[in-house]
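Everything on this sheet refers to the single structure shown next.
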Amino acid sequence: MKFDIKKILELANVDYEKAWIESAKYLEKNGKKFKLINKGRPHPLYEFIENARAIMIQMGFEEIVLPMIIEASHVYREYGPEAPLILDRLFYLAGLPRPDIGISAEKEQMIRQIDSSIDLNELKKILREFKLGKIEADDLIESLVLRLKIKEENATKLVDSVFTEFKILKPIPTNLTLRSHTTALWFPVLSALQGKKELPIQLFHIGPKFRREQNLDKTHLYTSNTISCVIMHDEITLEDGMGITKNILEKFGYKDVKFEIKKATSKYYAPQMEFEVFIKHPITNNWLEIGDGGFYSPVSCAKFSIQFPVFNFGMGVERFLMIQEKEDDIRNLVYPYFYKDIIFSDQEIAEGICFENEPMTKVGKEIMNAIIQTLERHKDDMAPLEIVAWKGKIFGKKVEIMIWENEEGVKLLGPAAFNEIWINEGKILGLKPGAEKPQHGIYTGIRYIDSIAALVARKIEELNDQKELKFRIKMVKRPSEINLHINDSIRYFINSKNKKIDIRGPIFIGITCRIV
RNA sequence: GCCGAGAUAUCCAAGCCUGGUAUGGAGCGGGCCUGCUAAGUCCGUGCAGUAAUGCUCGAGGGUUCGAAUCCCUCUCUCGGCGCCA
C-alpha cells in the first residue's frame with residue numbers, strides 16, 4: 001500500500017504518538033502476497049574485495065579483523081612530530097552527556113497531566129540510575145513503561161515534552177577516532193602478537209578507513225576501502241617486499257607496474273624506505289598511483305615495543321575499481337543511487353514495455369493468436385463485414401469471437417492498426433509498418449494489434465455471466481488505450497528527459513465475443 | 001576553509017533584475033472530431049473544501065496594502081580553488 005506522506009507528516013507534527021500508532025494501518029500483517037524475484041546482483045566493490053581476499057590468502061597472508069576505532073594517542077606514537085597534521089584529517093568520536101534531571105514543581109504538574117498515577121519517587125530513581133549509567137539510553141523508555149506502569153506513548157511524551165534536557169544535549173568529543181588508515185592499527189596489533197606468534201608474521205586486512213575530507217568529489221569519499229598487509233620478520237629486505245608487492249599486483253591482473261621511492265617519506269616509514277606503486281591505466285595509458293608501502297620506522301616500532309622489521313603495503317580498493325569499471329567518478333561507483341543519473345538505453349526502454357493485460361491460460365493465448373492471425377489475413381477487406389476469428393470452449397462456455405466493421409466503403413482496420421512500437425533516442429514511437437525506421441531505433445516486437453489482442457483475450461478469460469463482450473477502438477493517442485504498460489522507472493526517465501511517448505493513430509477495430 | 005551558481009506542482013523549465021491572478025511544455029486524465037501516421041481539437045491536472053474560499057514556489061523570519069520576486073537567518077545540491085597524511 002502506498003503511504004500518504006503528506007497526511008502522515010501532518011499528523012506526526014501535531015501528535016507524533018498518534019501518528020505512530022495509526023501508521024500501522026498502512027502495513028499488512030497476514031496473507032501471502034509477495035515472493036522474492038530474481039534480482040540478485042553483487043556490488044562491484046564487494047565483488048572486488050571478495051576476489052582480493054582469496055588472492056591474499058592464497059599468497060600466504062592470514063586475514064585478521066582490525067578495530068575501526070583507535071585512540072588519538074596512537075597517532076602521536078606512530079607519527080611523532082607529524083601527528084598534528086594527521087589528526088586534522090581524523091573523525092573524532094563524540095558522545096552525548098547524560099543530563100541531570102530534577103523534578104521541579106512545574107515539571108511535576110506536567111507529569112501529572114500526562115498520567116496522574118505516576119509514582120514520582122520511582123521516576124526520580126529511574127532518572128538517577130540513568131545518569132549513573134545503570135540504565136542504557138536504549139532502555140530508558142522501556143524502563144519508564146515497565147516500572148511506572150504507564151503506556152509507551154506516555155513514556156515518549158515524558159521524554160519529549162517534560163524532560164527537554166534530552167533535546168538540548170551537545171555532543172562532547174572523546175579522544176577516540178575512526179581509523180584514517182589501516183596502518184594505525186598494525187602497530188598495536190603487531191605489538192600484541194609479537195612473541196605469541198612464530199615469525200614470519202604475515203597478515204592482511206581489507207576494510208574501510210574514514211577521512212574527514214573538506215568536500216566530497218570525483219576522487220574523495222569519507223569512507224573508502226584499503227587492502228593492507230604486513231610482514232614482520234627478522235630477515236627481510238625492501239627488495240623482498242617490493243617483489244611480493246609486484247606478485248600481488250600480477251595476481252590482480254596488472255603486469256605493468258612501476259615503483260618509485262618517495263622523496264618525502266612519511267614519518268611512520270623509515271627514511272628512503274617508502275615507495276609508491278603505479279600501474280599503467282589500461283585505457284588512458286597514464287601511470288596511476290594505486291598504493292604505497294615500505295618498512296615501518298624503527299622509531300615508531302620502538303614506541304610500540306616492536307623489535308623486528310615490519311614491511312607494509314596498502315592499496316586503495318576504489319582506485320582499482322575505477323580503473324576496472326572505467327568510471328571516473330568514485331561516487332558513481334560506490335553510491336550510484338545518490339549520484340548517478342539513472343539512464344536507460346533504448347534497449348532497456350524496449351524491455352520495460354509490456355502488455356497491461358494479457359491472457360494467462362493456454363486457451364486465452366490461443367484466442368489472442370487467432371485474433372491476430374485473422375486480422376493479418378483480412379485487414380484490407382472492405383466493410384461492411386463480420387469475420388469469425390475463433391470459435392470454441394473456454395471454461396465450459398461456448399464462445400464465438402467476431403471481428404467486424406459496419407461502416408461502408410472502408411477497410412476492416414484503420415491504417416495504424418499494425419503500427420510497430422519503436423524506441424529511438426529515448427522516445428517511444430508508434431510507426432507505420434514498412435515506413436522508414438530510425439537508423440538506430442529498436443523495435444520492441446509489439447504492434448498495436450498484438451497488444452489489443454492480448455487485452456481482448458484476457459477479458460474473455462475473465463468473462464463471467466455476460467452474454468456479450470464488445471470492443472471498439474477508434475482513434476488512440478495514449479499507450480494505455482491500447483493496453484500498453486510502461487514501467488514506472490522508464491516512464492520517470494522519459495518524463496524527466498522531456499522525451500516523447502507517441503502512441504497514436506486511427507485503429508478502428510471492432511471485436512465482439514458472444515456466448516452461444 | 002575560500003569563492004560562485006542554484007532549489008518553482010509528477011517531470012523539464014519560465015517568472016526574480018523592474019513586487020500586483022503560478023506561465024509554458026512533457027506526462028497523466030477527459031470531451032469532441034473520426035480511417036488524420038514523429039499525429040486533429042478543446043478542457044482538466046499542487047493541496048484542503050460540496051462550494052464560496054483558503055493555503056502553496058527548499059525552511060523560517062522581516063519589509064510591504066500586497067512577496068516566488070526585496071532583506072536577514074538556516075538547510076541542502078552543484079561547480080571552481082585550497083587541503084588530501
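Just so it is clear: chains get the letters A, B, ... in the order the sequence lines come, proteins before strands, and each one is counted from 1.
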**OP:** Strictly below 4.0 Å, heavy-atom distances to any atom of RNA chain B: list the hits from residues 471-481 of chain A, or just say none.
**Re:** A:Lys474, A:Met475, A:Lys477, A:Arg478, A:Pro479, A:Ser480
If we call it a pair only when both distances are under 3.5 Å in a Watson-Crick or G-U wobble match, what pairs with [N]?
N: B:U34; result: none
N: B:C28; result: B:G44
N: B:U69; result: none
N: B:U64; result: none
N: B:C81; result: B:G1

Original post:
Taking A:Arg319 for the side chain and A:Glu289 for the main chain, is one N or O donor matched with an acceptor at less than 3.5 Å?
Top reply: yes
Subject >> Any donor-acceptor N/O pair, A:Arg179 side chain to A:Lys209 backbone, under 3.5 Å >> reply: no
How close or far is atom [atom2] of [N] from atom [atom1] of [X], stated in whole angstroms?
X: A:Ile482; N: B:C28; atom1: CD1; atom2: P; value: 12 Å
X: A:Lys499; N: B:G25; atom1: NZ; atom2: P; value: 19 Å
X: A:Asn495; N: B:G27; atom1: CG; atom2: P; value: 8 Å
X: A:Phe187; N: B:A85; atom1: CZ; atom2: C1'; value: 14 Å
X: A:Ile507; N: B:C36; atom1: CD1; atom2: P; value: 14 Å
X: A:Ile490; N: B:U10; atom1: CD1; atom2: C1'; value: 17 Å
X: A:Arg504; N: B:A38; atom1: CZ; atom2: P; value: 10 Å
X: A:Lys500; N: B:G27; atom1: NZ; atom2: P; value: 7 Å

Suppose you measure atom [atom1] in [N] against the same atom in [M]; what distance do you get, rounded to whole Å?
N: B:A7; M: B:C16; atom1: P; answer: 13 Å
N: B:C3; M: B:U69; atom1: C1'; answer: 25 Å
N: B:A67; M: B:G60; atom1: C1'; answer: 15 Å
N: B:C70; M: B:C81; atom1: C1'; answer: 31 Å
N: B:G82; M: B:C74; atom1: C1'; answer: 26 Å
N: B:G29; M: B:U34; atom1: P; answer: 24 Å
N: B:C76; M: B:A38; atom1: P; answer: 50 Å
N: B:G66; M: B:A59; atom1: C1'; answer: 22 Å

Subject >> Closest-nucleotide ordering on RNA chain B, the 5'-leading residue of A:Leu413 and A:Phe210 >> reply: A:Leu413
**OP:** Between A:Lys497 and A:Leu90, just flag the one whose closest nucleotide in RNA chain B comes earlier from the 5' side.
**Re:** A:Lys497
Given [options], which nucleotide is nearest the side-chain atoms of [X]?
X: A:Tyr448; options: B:A38, B:A39, B:G35; value: B:A39
X: A:Asn498; options: B:A39, B:A26, B:G27; value: B:A26
X: A:Tyr492; options: B:C11, B:A85, B:G35; value: B:C11
X: A:Leu429; options: B:G35, B:U10, B:A38; value: B:A38
X: A:Tyr79; options: B:A26, B:G27, B:A85; value: B:A85

Do [X] and [Y] touch side chain to side chain, with heavy atoms closer than 4.5 Å?
X: A:Met315; Y: A:Phe252; value: yes
X: A:Ile509; Y: A:Leu412; value: no
X: A:Ser228; Y: A:Trp186; value: yes

Original post:
Below 6.0 angstrom between ring centroids: does that apply to A:Phe320 and A:Tyr254?
Top reply: yes
Subject >> Donor-acceptor pair (no angle test) under 3.5 Å: A:Ser496 side chain, B:A26 base >> reply: no
Subject >> Lys/Arg-Asp/Glu bridge criterion (N-O < 4.0 Å) met for A:Glu318, A:Arg331 >> reply: no
Original post:
Is it true that A:Asp502 and A:Arg504 make a salt bridge, defined as a side-chain N closer than 4.0 Å to a carboxylate O?
Top reply: yes
Original post:
Base, sugar-phosphate, or nothing for A:Arg331, non-hydrogen atoms under 4.0 angstrom?
Top reply: sugar-phosphate
Original post:
Under 4.0 angstrom, heavy atoms only, what part of the nucleic acid is A:Glu420 near: base, sugar-phosphate, or nothing?
Top reply: nothing
N/O donor to acceptor pairs below 3.5 angstrom from side-chain atoms of residues 451-459 of chain A, sequence neighbours left out:
unit_1: A:Ser451; atom_1: OG; unit_2: A:Ile482; atom_2: O; d: 2.5
unit_1: A:Ser451; atom_1: OG; unit_2: A:Asn483; atom_2: O; d: 3.1
unit_1: A:Arg458; atom_1: NE; unit_2: A:Glu462; atom_2: OE2; d: 3.2
unit_1: A:Arg458; atom_1: NH1; unit_2: A:Glu461; atom_2: OE1; d: 2.6
unit_1: A:Arg458; atom_1: NH2; unit_2: A:Glu462; atom_2: OE2; d: 3.2

Subject >> Qualifying ring pair (Phe, Tyr, Trp, His ring centres under 6.0 Å) pairs, either residue in residues 472-504 of chain A, two or more places apart >> reply: A:Phe344-A:Phe493
